[in-house]
Structures are given as structure tokens and as C-alpha cells.
J.: 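Here it is, the structure, as C-alpha cells.
The analysis underlying the following values was restricted to heavy atoms, covering all of them including side chains, and did not include hydrogens, waters or symmetry mates. Whatever order the structure lists ligands and atoms in, that order sets their numbers, starting from 1.
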Amino acid sequence: MSTPTTHNVAVIGGDGIGPEVLSEALKVLSAAGVTLETTYFELGAAHYLRTGEVLADATLEELRGFDAILLGAVGPPVGSTEVPPGLLERGLLLRMRFELDLYVNLRPFVGLAGAPAPDCDFVVIRENTEGTYAGEGGFLRRNTPFEVATQGSVNTRMGVERCVRFAFELALSRERHHLTLVHKTNVLTFSGDLWQRVVDEVAREYPGVTRDYNHVDAACIYMVERPDRYDVIVTDNLFGDILTDLAGAVAGGIGFAASANLNPARTGPSLFEPVHGAAHDIAGTGTANPVAAVRSAALMLEHLGEVDAAERVSKAVTAYLSEQPSQSSGSHVSSTVAVGDAIAERL
Ligand code: IPM
Ligand code: MN
């Protein structure tokens with residue numbers, strides 16, 4: 001092996017179970033022999049309540065200088081009134097996705113034994129900077145009987161195309177070379193038309209990739225009943241958000257689902273985080289499932305060019321999981337630390 005490269009990683013533990021699951025992920029990475037220079041950032045609900053700050057401009061600038069960002073989870077407890085809804089989501093998570101141009105949200109799903117879809121093996125490529133998440137819209141005559149609220153969906157040619165191209169490249173690199181566009185072209189005739197045209201055009205450059213189209217509502221049925229039809233799914237921001245929670249559930253539980261928020265152009269760091277949230281209800285009990293965090297860290301290694309270590313971590317996770325009795329949702333385990341140790345021991 002050549003001289004190990006040190007990677008500068010910003011670590012945002014965040015709220016609830018975030019810090020607990022991340023410390024297991026970092027333990028596994030060090031067992032894999034990867035050298036990381038970590039810098040911890042206090043961000044999230046607790047930080048906001050203490051300082052009144054969601055994400056300072058200077059902090060965002062500092063984050064730009066890292067090779068990658070590893071994030072646990074951010075968010076206040078469900079029902080908390082101290083943090084206004086959307087403040088952290090938009091001000092921290094979405095701000096990082098937008099400002100760091102993390103335009104691909106890659107979420108892989110491989111079915112676990114005993115899961116509703118034990119044989120599924122697909123990746124969702126969710127557009128991550130546009131759609132209804134872009135923040136277009138507003139109120140008219142707020143708090144009057146004639147109130148109007150609009151929330152537009154922003155779809156740019158460039159934004160759709162770069163995401164679709166990424167999905168085709170990914171499909172080409174996988175065994176089945178199959179890509180499914182998921183949208184709602186029968187109703188969303190403007191944005192759906194743009195997505196469909198872009199997919200049709202880019203497809204001409206990828207004759208080796210077979211194609212399919214599903215309406216998002218039908219995709220929810222197929223994902224449960226026939227998930228084997230999927231290899232790579234490409235979809236817009238909101239459909240991707242909803243579909244990946246469903247995918248997490250059918251593949252064995254949200255406690256196992258990892259994600260990569262990628263800036264494929266590498267004009268800045270990419271961000272890696274489990275699909276799950278802060279789960280305040282089990283925070284501090286030492287029972288959060290760290291597997292999603294470990295897998296997200298493996299995606300980070302791959303992005304950092306540590307392909308061999310990434311593969312070893314993935315294999316260690318798979319080996320560990322194959323020895324476990326099937327778990328219902330995977331949201332908790334008997335011991336977070338013991339799961340981290342068990343995976344680390346296999347490296
Ligand atoms: C996710 C989350 C976020 C999203 C929230 C926390 C803003 O649900 O990463 O899937 O909607 O994208
Ligand atoms: Mn979500």
C-alpha cells in the first residue's frame with residue numbers, strides 16, 4: 001500500500017442520537033486503517049438554543065475547506081416548540097446542500113434477510129438542490145380568511161440534466177445497467193415534461209442502459225411488491241425524499257439506510273449522513289442502530305478515494321448483519337457501542 005493520505009473531515013454530530021452513531025462510525029473507520037483529521041462542529045437544535053445561531057456564514061466558509069463532512073442528525077424533538085419548524089432544516093441542512101452544491105443525494109438500498117424486500121438492491125438518485133425544496137413561494141394576505149400560500153417547484157435544465165447524467169453513469173457502472181425515472185408526468189406536465197425530455201436526450205448517449213418510467217404513486221406499490229424491477233432510480237427532490245423512507249422500510253429499516261450528498265464536480269466537500277433523524281426518544285439510551293452511520297461513512301471513504309477501505313467496511317457490515325437474527329425496523333439495537341465493536345472486529 002502507498003503512503004496513507006490524511007483526509008480532513010468536518011464532523012457534525014448534531015442532535016439526539018447523531019453523536020452516538022457517529023462515534024461508532026469513526027471507530028469503524030479507524031479500525032479500517034483510514035487516517036482522518038477530524039474537526040468537530042457544534043451545530044443543530046441544541047447549538048441554536050444556546051447561541052441563537054443556525055449556521056454562521058463564517059462556519060459555512062470554514063466547512064468549504066474540508067475534504068468531506070460527516071453528519072449524524074440534526075433536529076429538535078418532535079413536537080418541540082422552542083425551535084420553529086423548518087428553521088434547522090432550511091437554515092442548516094438545506095443551506096449546506098444548496099450552498100455546497102450537493103446536487104446528488106445518493107441512497108443505496110440492499111435488502112436484509114427477513115425484510116419485506118429481502119432481495120432488493122437498488123440506488124435512488126434524488127435531485128438535491130431544486131424542486132419544491134428550492135424555497136420558491138410565499139404568502140398573500142396571511143392570517144386573513146383570503147390567505148394564499150404557494151410553494152413552487154423549481155426545475156432547471158442544468159439541475160435536472162446533471163443529476164440525470166450522474167444516474168446514467170451510475171447505471172452503466174452497475175451490473176444490470178437499468179434506469180427508472182420516477183415522476184408524475186401525467187399531472188405535473190411542466191416539470192415532468194422537462195425531466196422526461198432530459199432523460200430521453202441523455203439516454204441517446206447511453207445505449208447500454210435500459211430505461212423505464214414509473215409514476216411515483218405506482219412506484220410506491222412496486223417498491224413493496226416488485227422491488228426487483230429497480231436498479232437505479234432517478235427522481236426529483238420531494239419524490240426522492242418520500243420514496244427513500246419507503247425504500248428504507250422495505251429494505252429492512254431506516255436504521256440501516258445511508259446517504260451521500262454529493263458535489264460530483266468536486267468544487268467543495270460532499271456530505272455524508274444517515275437517512276434517519278435525531279430520534280430524541282431513544283437518545284442517550286445507548287440503543288440507536290449505528291449501521292446507517294457506518295454505511296454513510298463507507299460512502300464517504302469511497303468518495304475520498306479510499307475504495308479498498310470502503311469495500312472492507314461494507315463487507316464487515318454485511319458479514320455482521322448476516323449473523324444477526326432479523327430485526328423488525330432496525331431503529332434500535334441492544335447496544336450501539338457493541339454493534340460498532342462487532343463491525344470493527346471484522347476489519
Ligand atoms: C432527509 C430529511 C430532510 C429532507 C429533512 C430533515 C430536511 O428528511 O434527508 O431525507 O427532507 O431532505
Ligand atoms: Mn427524508
Side-chain angles (χ1 to χ4, degrees), residues 12-18 21-22 25 43-48 54-55 69-80 83-109 122-137 151-155 159 163 182 216 219-220 223 233-251 253-263 270-281 283 288-289 292-293 295-297 299-300 329-331:
I12 304 172
D15 303 304
I17 63 170
V21 294
L22 272 202
L43 291 167
H47 173 77
Y48 166 73
V54 177
L55 176 61
I69 303 167
L70 192 59
L71 185 141
V74 292
V78 178
S80 145
V83 184
L87 186 81
L88 287 171
E89 289 83 351
R90 295 212 77 89
L92 179 55
L93 203 52
L94 299 187
R95 185 155 178 233
M96 287 192 290
R97 287 178 185 172
F98 296 172
E99 298 239 15
L100 301 175
D101 210 14
L102 310 176
Y103 65 83
V104 163
N105 195 324
L106 177 148
R107 299 183 161 181
F109 300 92
F122 60 85
V123 181
V124 177
I125 299 302
R126 163 186 175 189
E127 200 292 319
N128 213 28
T129 57
E130 304 192 337
T132 43
Y133 278 65
E136 195 224 20
Q151 191 95 46
S153 172
V154 174
N155 298 264
C163 177
V182 171
V216 66
C220 291
M223 195 158 276
I233 290 174
V234 66
T235 192
D236 94 338
N237 210 337
L238 183 59
F239 294 146
D241 176 48
I242 299 166
L243 217 48
T244 52
D245 266 19
L246 179 63
V250 300
I254 204 75
F256 302 103
S259 86
N261 295 261
L262 300 173
N263 172 335
S270 290
L271 183 152
F272 302 82
E273 56 169 341
V275 175
H276 66 68
H280 288 270
D281 53 335
N289 187 350
R295 283 178 157 169
S296 302
L299 292 173
M300 178 179 83
S329 77
S331 57

J.: Taking distance alone, with no angle check, do R97 and ligand 1 share an N/O pair under 3.5 Å?
T.: yes
J.: Who's closest to atom 8 (O) of ligand 1 heavy-atom-wise, of L94, D241, N128, I242?
T.: D241
J.: Using atom types as modelled and distance alone, determine if a side-chain donor or acceptor of E127 lies under 3.5 Å from a backbone N or O of T129.
T.: yes
J.: Hey, does the side chain of R126 reach the backbone of N237 with a donor-acceptor pair shorter than 3.5 angstrom?
T.: yes
J.: Against heavy atoms of E89, which atoms of ligand 1 measure under 4.0 Å?
T.: 6 (C), 7 (C)
J.: Where on R126 is there a heavy atom closer than 4.0 Å to ligand 1, on the side chain, on the backbone, on both, or on neither?
T.: side chain
J.: Side chain of N128, backbone of L102: donor and acceptor closer than 3.5 Å?
T.: yes
J.: What is the name of the N/O/S atom of D241 that is nearest to the Mn ion (ligand 2)?
T.: OD1
J.: Heavy atom of R107 under 4.0 Å from ligand 1?
T.: yes
J.: Any side-chain heavy-atom pair from I12 and M96 closer than 4.5 angstrom?
T.: yes
J.: With a 4.5 Å limit on heavy-atom distance, are the side chains of T244 and F109 in contact?
T.: yes
J.: Do the side chains of V216 and I242 get nearer than 4.5 Å, heavy atoms only?
T.: no
J.: Can you check whether Y133 has an N/O within less than 3.5 Å of an N/O in ligand 1?
T.: yes
J.: Is the contact between R90 and ligand 1 made by the side chain, the backbone, both, or neither, using heavy atoms and a 4.0 Å cut-off?
T.: neither
